[in-house]
Amino acid sequence: MRHLKRLKKQTLSLLQVKRYQWLISILLFIAPFTILLPTESAFVNYSANSHVEDLFDHIFFKINQLGTTNLRDKKLIKKLNFDCGADDLAILSSRDFTPLYVRVIQLELSNGEKCSNFGPAVIQNMSPTIFVAKHNITLASTISPLSQRRETILVQPHGGHRLLTVINSRVLNNHLDSECADCYQLEYSIAGLPTMIRGEKELLQKNHHYSTGSQYSNNDYNITLHAGDRLYQELEEEVDAYLYIASFIIAILLNIIFWSWCSSRASLKGMIMSALSNNEFIPYYQPIINSKTDKVVGQEVLIRWRQKDMSLIPPGQFIPYAEENNLIIAITDTLLDQVYQDLTEFTGWVSVNIVAKHLEQGLLSPWLKGHNHELIKRLSFELTEREQIKQFKQAESEIQLVSHYCHGVKLDDFGTGYGGFSYLQRLGVQSIKIDKMFIDTIGTDDLKCSVLDAIITFGHKANLEMIAEGVESKTQVDYLAEKGVNLIQGFYYAKPMAKAELIDFYRKNNQ
């Protein structure tokens with residue numbers, strides 16, 4: 001057959017197809033890099049902003065952690081007499097109560113008296129306090145005309161008294177540098193006082209500027225954390241590494257998926273071509289019964305792929321692929337040859353499935369002309385609607401020729417595909433098969449049941465032969481009979497079967 005010859009040409013073209021596969025594979029490998037790497041700047045900026053915001057929150061946590069450490073030892077707190085006497089001074093100046101990161105700790109009594117770890121009060125004046133609700137801490141700063149001389153004070157109430165903890169400025173500097181050396185600058189400004197700066201004094205922000213902060217008491221107090229070019233450079237290296245790794249992993253995954261897909265399709269194509277050479281595609285037949293007489297009036301040919309080990313591959317696993325890759329024509333050719341040889345043993349007509357290309361390319365009429373005219377009158381063809389007809393004039397002409405030679409053309413799966421009513425009007429088809437999807441709605445509240453009734457009404461008005469597919473129950477048979485549809489195909493009467501089983505079915509049912 002000419003279609004088998006065409007398949008051999010397709011085999012020779014596989015090398016050319018593989019060349020395109022390699023090109024696609026290379027493009028799939030490059031694509032993640034070309035998509036992700038240009039987004040580097042956006043990722044770095046996002047990461048920088050996140051780092052600044054997280055660090056800003058962590059600074060408050062750090063201050064709170066440092067300042068409250070000396071209050072955690074309740075035994076020491078209980079030893080305070082809160083009278084600034086000799087015992088209180090001894091406790092305040094002890095290393096247990098005043099760790100290295102605290103420069104001054106000062107006790108202020110409710111009566112106004114003050115003392116510190118140095119003895120007399122050290123903090124005579126300080127800025128107004130601000131309460132940071134988010135972190136539940138109260139802050140202030142020492143007062144000095146020089147910003148580098150000002151320091152952070154954590155204010156902690158204890159009954160009617162309070163402890164003032166002066167945090168060593170080196171603590172915040174070291175904390176900022178531990179996150180990223182020379183990357184951050186913390187500004188602590190109070191109206192009327194010089195801005196207190198911690199971290200990098202001269203922050204480079206020529207190309208990049210990141211900042212976050214909080215304002216308190218009508219903008220009288222501002223705490224702001226800044227970052228700039230140095231942070232961008234640090235994060236750029238990190239983000240680059242992540243992007244390259246992510247791009248590489250995605251590229252590998254895409255290629256694995258692509259080559260797996262190619263392998264499965266290529267192997268399926270090779271298997272189908274080999275099956276055609278070995279005549280592994282065989283016809284199964286499902287009888288069509290007239291429910292009035294319970295007699296066989298015809299049968300539909302349903303293809304099965306029987307492998308060498310005699311196992312059967314369901315048509316759903318290869319028919320869609322065969323249709324997409326122009327292999328279905330050759331499969332139909334080999335099936336027709338087998339059906340033709342069996343025609344004399346069957347009761348009624350035998351219907352073979354075809355696709356749009358059979359009609360558009362005029363593939364059936366030449367085959368029919370070359371065979372016994374009396375015998376092929378028992379052949380019928382069913383046009384599936386999975387593929388749309390694009391060349392209606394050629395299809396209509398082929399249907400007229402085919403109908404002249406054989407039992408005609410039926411429209412399969414009516415109402416589920418491309419054609420429907422328009423196919424009937426334009427192609428002149430006189431027989432339809434009502435799809436199982438509609439039959440299954442019988443006896444249910446499914447809205448498609450009304451569609452079924454509409455199809456049947458239309459079929460009667462148009463004087464069409466109607467065959468119900470997928471009928472599985474007596475309820476369905478009775479409903480269809482009541483509606484005037486008596487040609488039944490489905491498991492209620494018989495399943496698809498090999499020729500020997502079909503002959504035995506005739507014998508058992510007196511056909």
query: Between the side chain of Asp229 and the main-chain N/O of His208, is any donor-acceptor distance below 3.5 Å?
result: yes
task: Flag the pair Tyr242 / Phe43 as yes when their ring centroid distance falls below 6.0 Å, and as no otherwise.
output: no
- request: Look at the side chain of Ser365 and the backbone N and O of Glu398, then say whether any donor-acceptor pair between them is shorter than 3.5 Å.
  value: no
query: Can any side-chain N or O of Ser178 pair as donor or acceptor with the backbone N or O of His175 at less than 3.5 Å?
result: yes
- prompt: For Glu360, does its backbone N or O pair with a side-chain atom of Lys390 as donor and acceptor, under 3.5 Å?
  reply: no
query: Under a 4.5 Å cut-off applied to non-hydrogen side-chain atoms, are Leu375 and Thr344 in contact?
result: yes
query: Backbone N or O of Lys483 within a donor-acceptor pair of the His460 side chain at under 3.5 Å?
result: yes
statement: Output for pair (Asp440 CG, Asp435 CG), nearest 0.5 Å, gives 8.5 Å
message: Can you tell me which residue among Gln489, Glu300, Glu382 is in a side-chain hydrogen bond (donor to acceptor under 3.5 Å, both in side chains) with Ser351?
response: Glu382
message: I'd like to know if the side chain of Ser25 and the backbone of Gln21 have a donor-acceptor N/O pair within less than 3.5 Å.
response: no
message: If I take atom CD from residue Gln233 and atom SG from residue Cys183, how far apart are they, to the nearest 0.5 angstrom?
response: 8.5 Å
message: Walk me through whether Tyr210 and Asn45 qualify under side-chain hydrogen bond (donor to acceptor under 3.5 Å, both in side chains).
response: CA-CA 8 Å; Tyr210 312 101; Asn45 285 323; 2.5 Å; yes
- prompt: Has Asn207 got more than 12 heavy atoms of other residues, nucleotides or ligands less than 6.0 Å from its CG?
  reply: yes
task: With side-chain hydrogen bond (donor to acceptor under 3.5 Å, both in side chains) as the test, would you mind laying out the steps for Asp453 and Tyr479 before giving the verdict?
output: CA-CA 10 Å; Asp453 292 342; Tyr479 182 91; 2.6 Å; yes
- prompt: So do Asp240 and Leu37 actually touch side chain to side chain, heavy atoms under 4.5 Å?
  reply: no
field: Heavy-atom neighbours of Phe248 CZ exceed 12 at 6.0 Å
entry: no
- prompt: Taking the inter-plane angle between the rings of His407 and Trp349 on a 0 to 90° scale, is it parallel (under 30°), tilted (30 to 60°) or perpendicular (over 60°)?
  reply: parallel
query: With a 6.0 Å cut-off on ring centres, are Tyr340 and His371 close enough?
result: yes
- prompt: Is the side chain of Ser397 donor-acceptor paired with the backbone N or O of Gln394 at a distance under 3.5 Å, no angle test?
  reply: no
- request: Please tell me if the side chains of Phe131 and Leu139 come closer than 4.5 Å, counting only heavy atoms from C-beta onward.
  value: no
query: Shortest non-hydrogen contact from Tyr321 to Ile272?
result: CD2-CD1, 3.8 Å
field: Taking every non-hydrogen atom, the tightest pair across Glu469 and Ile439
entry: O-CG1, 3.2 Å
Under 3.5 Å donor-acceptor, Asp504 side chain and Ala500 backbone: no
- prompt: Between Glu345 and Ile503, what is the shortest heavy-atom contact and its length?
  reply: O-CD1, 3.5 Å
- line: For Ala356 and Leu383, the nearest pair of non-hydrogen atoms, with its separation, is N-CD1, 3.8 Å
field: Within 6.0 angstrom of Glu237 CD, more than 12 heavy atoms from elsewhere
entry: no
- prompt: Are any non-hydrogen side-chain atoms of Glu200 and Tyr184 less than 4.5 angstrom apart?
  reply: no
message: Counting only heavy atoms from other residues, nucleotides and ligands, does the tally under 6.0 Å from NZ of Lys495 exceed 12?
response: no
- request: Would you check if Cys406 and Lys377 make a side-chain contact, meaning some heavy-atom pair closer than 4.5 Å?
  value: no
message: Please check: side-chain N/O of Gln286 versus main-chain N/O of Ala494, any donor-acceptor pairing under 3.5 Å?
response: yes
query: So which heavy atom on Trp305 is nearest to which on Met271, and how close?
result: CZ2-O, 3.5 Å
- prompt: Just wondering, more than 12 heavy atoms not from Arg378 lying within 6.0 Å of its CZ?
  reply: yes
- prompt: Any idea which heavy atoms bring Gly228 and Leu203 closest together, and the distance?
  reply: N-CD2, 4.3 Å
message: Are Glu323 and Val355 packed together at the side-chain level, in the sense that at least one heavy-atom pair is separated by less than 4.5 angstrom?
response: yes
Full working for side chain to side chain contact (heavy atoms under 4.5 Å, CB included) between Glu465 and Lys410: CA-CA 9 Å; Glu465 177 187 64; Lys410 298 173 175 59; 3.6 Å; yes
query: In Å, rounded to the nearest 0.5 Å, how long is the span from CE of Met273 to CG of Asn325?
result: 11.0 Å
task: Not counting sequence neighbours, which residues clear side-chain contact (heavy atoms from CB on, under 4.5 Å) with Asp309? List them please.
output: Gln307, Ser311
message: Taking atom CZ as the centre, does Phe33 end up with more than 12 heavy-atom neighbours from other residues, nucleotides or ligands that are less than 6.0 angstrom away?
response: yes
task: Flag the pair Phe281 / Ile313 as yes when at least one side-chain heavy-atom distance between them is below 4.5 Å, and no otherwise.
output: no
message: Assess the residue pair Ile456 and Ile434 against the criterion (side chain to side chain contact (heavy atoms under 4.5 Å, CB included)); give the C-alpha distance rounded to whole Å, side-chain angles, the decisive distance to 0.1 Å, and a yes or no.
response: CA-CA 9 Å; Ile456 294 173; Ile434 304 173; 4.0 Å; yes
- request: Check the pair Asn509 / Phe505 against side chain to side chain contact (heavy atoms under 4.5 Å, CB included), numbers first and verdict last.
  value: CA-CA 6 Å; Asn509 291 277; Phe505 176 83; 3.3 Å; yes
- prompt: Between His373 and Tyr405, is the ring centre distance below 6.0 Å?
  reply: yes
- request: Supply the atom-to-atom distance Thr347 OG1 to Leu502 CG, rounded to the nearest 0.5 angstrom.
  value: 7.5 Å
task: Would you check if the side chain of Gln476 reaches a backbone N or O of Glu472 as a donor-acceptor pair within less than 3.5 Å?
output: yes
message: If you define the side chain from C-beta out and look only at heavy atoms, does anything of Thr224 sit under 4.5 Å from Leu186?
response: no
- prompt: Does the pair Phe381 and Asp412 meet the rule for a side chain to side chain contact (heavy atoms under 4.5 Å, CB included), with working shown?
  reply: CA-CA 9 Å; Phe381 296 98; Asp412 197 14; over 6 Å; no
task: Nearest 0.5 Å please: distance from the CD1 atom of Ile488 over to the CD1 atom of Ile467.
output: 9.5 Å
task: Would you mind telling me which of Ile354, Leu368, Leu379, Ile376 makes a side-chain contact (heavy atoms from CB on, under 4.5 Å) with Val402?
output: Leu368
- request: Kindly compute the distance separating CG (Leu225) from CD (Gln185), expressed to the nearest 0.5 Å.
  value: 9.0 Å
